[in-house]
Chemist: 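Take a look at this one; I'll ask things after.
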Amino acid sequence: EVQLVESGGGLEQPGRSLRLSCTVSGFNFRDYVMSWFRQAPGKGLEWVGFIRGKSSGGTTEYAASVRGRFTISKDESKNIAYLQMNSLKTEDTAVYYCTRDGVKTGKEDAFDIWGQGTMVIVSS
Amino acid sequence: DIVMTQSPLSLPVTPGEPASISCRSSQSLLYTNGYHYLDWYLQKPGQSPQLLIYLGSNRASGVPDRFSGSGSGTDFTLKISRVEAEDVGIYYCMQGRQTPLTFGGGTKVEIK
């Protein structure tokens with residue numbers, strides 16, 4: 001079964017760091033774009049960033065709100081994608097979703113598999 | 001950034017009746033390859049979002065054929081031919097034409 005399971009969320013203070021993990025099963029994620037989205041409490045969906053597949057160089061792109069603070073990476077030997085979040089701000093409080101771009105459309109969209117999400121609370 | 005605007009904000013529906021949601025983008029979503037990079041997602045209560053439609057009109061795997069997407073340029077529509085109780089939730093459109101990927105504000109569909 002194709003599945004994404006996020007972990008690592010929790011309560012952290014502003015300015016501190018947190019690393020989220022997305023454990024992949026059921027497919028070889030080496031060749032897929034893996035993206036992170038977030039949803040603040042009671043709000044809509046927001047794209048955080050993505051990492052392209054190996055054939056596209058594994059390059060990354062980020063939303064302006066997290067660029068320079070967040071880093072997406074993956075360990076193919078462990079089947080895990082990561083979201084390293086540094087210099088956390090209160091406005092980073094949200095449920096974070098890991099997703100797969102499973103439909104080859106020519107661009108990074110059509111995210112067909114979503115994890116259950118992990119909650120991150122940034123508060124002093 | 002491309003701004004996505006959905007309407008209506010809320011949509012009370014009667015089971016068995018059709019429903020329609022509009023999504024407008026601030027720039028054309030047509031890419032050089034001829035595709036429109038517009039997705040529709042449904043977030044059911046307490047669940048993660050799920051992909052319904054990609055490239056404006058292609059149903060994702062397993063999506064019932066009562067869901068259809070149409071549109072071009074900057075104007076897109078999601079239609080449900082006959083609403084079922086399980087279709088309640090918040091519908092989002094998302095553009096994949098360029099980064100940052102951006103979403104509409106969502107349309108809450110609820111049963112009357």
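Chain naming here is simple, since letters A, B, ... match the order of the sequence lines and numbering starts at 1 in each.
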Chemist: Using heavy atoms and a sub-4.5 Å threshold, report which of residues 81-105 of chain A line up against chain B, by residue number.
Modeler: A:Tyr97, A:Val103, A:Thr105
Chemist: For B:Tyr91 and B:Ile80: C-alpha separation, side-chain torsions, deciding distance, then whether side chain to side chain contact (heavy atoms under 4.5 Å, CB included) applies.
Modeler: CA-CA 12 Å; B:Tyr91 290 75; B:Ile80 310 173; 3.6 Å; yes
Chemist: If only atom types and distance count, is the side chain of B:Gln6 paired as donor or acceptor with the main-chain N or O of B:Leu9 below 3.5 Å?
Modeler: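 Looks like no, no N/O pair under 3.5 Å.
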Chemist: For chain B, find its close neighbours in residues 3-38 of chain A: heavy-atom separation under 4.5 Å, sorted by number, or none.
Modeler: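 Result: A:Phe37.
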Chemist: I need the minimum non-hydrogen distance between B:Tyr54 and A:Ala110, along with the two atoms involved.
Modeler: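 So the minimum-distance heavy-atom pair works out to CB-CB, 3.7 Å.
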Chemist: Less than 4.5 Å apart, any side-chain heavy atom of B:Ser57 and any of B:Ser70?
Modeler: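 In short, these two side chains do not touch, never coming nearer than 4.5 Å.
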Chemist: Return the minimal non-hydrogen interatomic distance between B:Leu11 and B:Thr107, and the atom names on each side.
Modeler: CB-CG2, 4.2 Å
Chemist: Are B:Thr102 and B:Met4 packed together at the side-chain level, in the sense that at least one heavy-atom pair is separated by less than 4.5 angstrom?
Modeler: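 Yes - at least one pair of side-chain heavy atoms lies under 4.5 Å apart.
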Chemist: For B:Leu101, is there any backbone N or O sitting under 3.5 Å from a side-chain donor or acceptor partner on B:Thr99?
Modeler: no
Chemist: Quick one, A:Val122 and A:Val120 - any side-chain contact, counting heavy atoms below 4.5 Å?
Modeler: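 With C-beta onward as the side chain, the pair touches.
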Chemist: Which one of B:Val3, B:Leu38, B:Thr74 satisfies the side-chain contact (heavy atoms from CB on, under 4.5 Å) criterion with B:Ser25?
Modeler: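 The side-chain contact (heavy atoms from CB on, under 4.5 Å) with B:Ser25 is passed solely by B:Thr74 among B:Val3, B:Leu38, B:Thr74.
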Chemist: Are side-chain heavy atoms of B:Ile111 and B:Pro15 found at a separation under 4.5 Å?
Modeler: yes
Chemist: Would you please test B:Leu52 and B:Tyr41 for side chain to side chain contact (heavy atoms under 4.5 Å, CB included) and show each step?
Modeler: CA-CA 5 Å; B:Leu52 295 177; B:Tyr41 295 86; 6.0 Å; no
Chemist: Do the non-hydrogen side-chain atoms of A:Asp109 and B:Met94 ever get within less than 4.5 Å of each other?
Modeler: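 Yes. Closest side-chain heavy atoms under 4.5 Å.
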Chemist: In terms of heavy-atom pairs under 4.5 Å, which option from B:Trp40, B:Tyr35, B:Phe103 contacts chain A the most?
Modeler: B:Phe103
Chemist: Looking only at heavy atoms, what is the nearest atom pair of B:Leu29 and B:Ile2, with distance?
Modeler: CD2-CD1, 4.0 Å
Chemist: Might you point out which heavy atoms bring B:Leu51 and B:Ile53 nearest each other, and give the distance in Å?
Modeler: CD1-O, 3.5 Å
Chemist: Is the side chain of B:His36 donor-acceptor paired with the backbone N or O of B:Tyr31 at a distance under 3.5 Å, no angle test?
Modeler: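 No, B:His36 side chain to B:Tyr31 backbone: no donor-acceptor pair under 3.5 Å.
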Chemist: Heavy atom to heavy atom, less than 4.5 Å: which residues from residues 42-55 of chain A reach chain B?
Modeler: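 The stretch touches chain B at A:Lys43, A:Gly44, A:Leu45, A:Glu46, A:Trp47, A:Phe50.
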Chemist: For chain A, which of B:Ser61, B:Gly104, B:Gly106, B:Pro49 has the most heavy-atom pairs under 4.5 Å?
Modeler: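 Going by pairs under 4.5 Å, I would pick B:Pro49.
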Chemist: Establish, from distance only, whether the side-chain atoms of B:Asn33 and B:Tyr37 form a donor-acceptor pair under 3.5 Å.
Modeler: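 Checked: B:Asn33/B:Tyr37 side chains pair up, N/O donor to acceptor below 3.5 Å.
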Chemist: Which atoms of B:Gln43 come close to chain A, meaning under 4.5 Å heavy atom to heavy atom: side chain ones, backbone ones, both, or neither?
Modeler: side chain
Chemist: Take B:Glu110 and B:Val13 through the side chain to side chain contact (heavy atoms under 4.5 Å, CB included) test and state the conclusion after the steps.
Modeler: CA-CA 6 Å; B:Glu110 50 195 3; B:Val13 296; over 6 Å; no
Chemist: Is a donor on one side and an acceptor on the other found under 3.5 Å between the side chain of B:Gln95 and the backbone of B:Arg97?
Modeler: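 Between the backbone of B:Arg97 and the side chain of B:Gln95 there is a qualifying donor-acceptor contact (under 3.5 Å).
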Chemist: Are there residues of residues 58-79 of chain A that reach to under 4.5 Å of chain B by heavy atoms, and which ones?
Modeler: A:Glu61
